[in-house]
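To keep things clear, I will list the structure first and then write my remarks on it.
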Amino acid sequence: MVEKQKHGRAGDDYEGYGNDLVLFENQPLDWTDRLYLLVSPEDRQKLNYWPENPESFRYVLREYIARLKQIQEQLLKSIAMSLSLPEDCFLNQFGERSTMYARFNYYPPCSRPDLVFGLKPHADGSGITILLQDKEVKGLQLLKDDKWFWVPIMPDALLIMSNGILKSPIHRAVTNSETERNTLAMFYSPDPEKEIEPLEELVDDERPRLFTKVRNYPDTYFHFYQRGKRPINAVRI
Ligand SMILES: O=C(O)CCC(=O)C(=O)O
Ligand SMILES: [Fe+2]
């Protein structure tokens, strides 16, 4: 408890431990507490939000980040090649100062799981999300053909850069009345200063350009998401 308070989210900062930022009066609220940290680039880390207890926390998180970076870069290259594109084309749009956020989700048991979501339905705004699931408690559902299935997740920035070829599926986390549940989502996104847009190679007469140029999509994303709206519509042409 003391540790949680010490690293609590302050004012209108996104980072830290606590609830999500409440931006609008009628914003649907979620049954979750989370520790949200910008972990990369390193010079943007706000260490005052990083727990010191357990002692190994910072070290383990840094190790995890380093490994995930390699996986994410490899994934971006492989996806590019699977679309017959130059292997660095997505990586170039992510830029040297691409960002990674860690979101530790804590879902306490909820006496009325029929009334509230752990996380309301959404599609992530990141390019790639890697989710470490709770080992025992299920909770994540994915929307496909208007039905909810119990499965893992994925992106939105790639939806823009790939001109809609790569989809960012809608998912939600549900609550249950018996057990708490913990997950860790790592969001890998382009440098907020860099403009991203559909790759020219993926735009033609048959597949006209679907999205505008956008800078700092996560910022647009949060404003729409917290109203329960689909953020991707903000950049659709
Ligand atoms: O906790 C989960 O299973 C999903 C988490 C999630 O969708 C998110 O943090 O964006
Ligand atoms: Fe998500």
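In this chain, residues are counted from 1 in sequence order. All values below come from the heavy atoms of this structure, side chains included, with hydrogens, waters and symmetry mates left out. One-based numbering, in listed order, for ligands and for the atoms of each.
- Both the sub-6.0 Å distance and the 45° axial angle are satisfied by K120 relative to the ring of Y225.
- Those atoms of ligand 1 that come under 4.0 Å of a heavy atom in A185, given as number and element, are 9 (O).
- Rounding to the nearest 0.5 angstrom, the gap separating the CG atom in N53 from the CZ atom in R58 is 11.0 Å.
- Of all the atoms in ligand 1, the ones that sit under 4.0 Å from a non-hydrogen atom of H171 are 7 (O).
- For the ligand labelled ligand 1, residue T32 lies outside the 4.0 Å heavy-atom shell.
- For an aromatic pair to be called close, the ring centres must be under 6.0 Å apart, and Y36 with Y101 satisfies this.
- Proximity of the aromatic rings of F104 and F57 is defined here by a centroid distance below 6.0 angstrom, and this criterion is met.
- Close contacts of ligand 1 with R103, meaning ligand atoms under 4.0 Å from a residue heavy atom, involve 9 (O).
- Remark: I71 pairs with L68, L75, I130 by the side-chain contact (heavy atoms from CB on, under 4.5 Å) rule, at least two apart or across chains.
- Within the 4.5 Å cutoff, side-chain heavy atoms of R97 are placed close to those of D43.
- Contacts of T129 with ligand 1, taken as heavy-atom pairs under 4.0 Å, are absent altogether.
- The nearest N/O/S atom of D124 to the Fe ion (ligand 2) is OD1.
- Residue-ligand proximity, Y107 to ligand 1, at heavy-atom distances under 4.0 Å covers atoms 1 (O), 2 (C), 4 (C), 5 (C).
- Every atom of ligand 1 is numbered from 1 in the order shown, and the set under 4.0 Å from a heavy atom of F187 is 8 (C), 9 (O), 10 (O).
- For F94 and Y188, the distance between ring centers is under 6.0 angstrom.
- Taking 4.0 Å as the cut-off, Q133 counts as a neighbour of ligand 1 on heavy-atom distance.
- Under a 4.0 Å heavy-atom criterion, R34 is not in contact with ligand 1.
- Of all the N, O or S atoms in H122, the one closest to the Fe ion (ligand 2) is NE2.
- Clustering of Ile, Leu, Val, Met, Phe, Trp and Tyr by side-chain heavy atoms under 4.5 Å joins F224 with none of the others.
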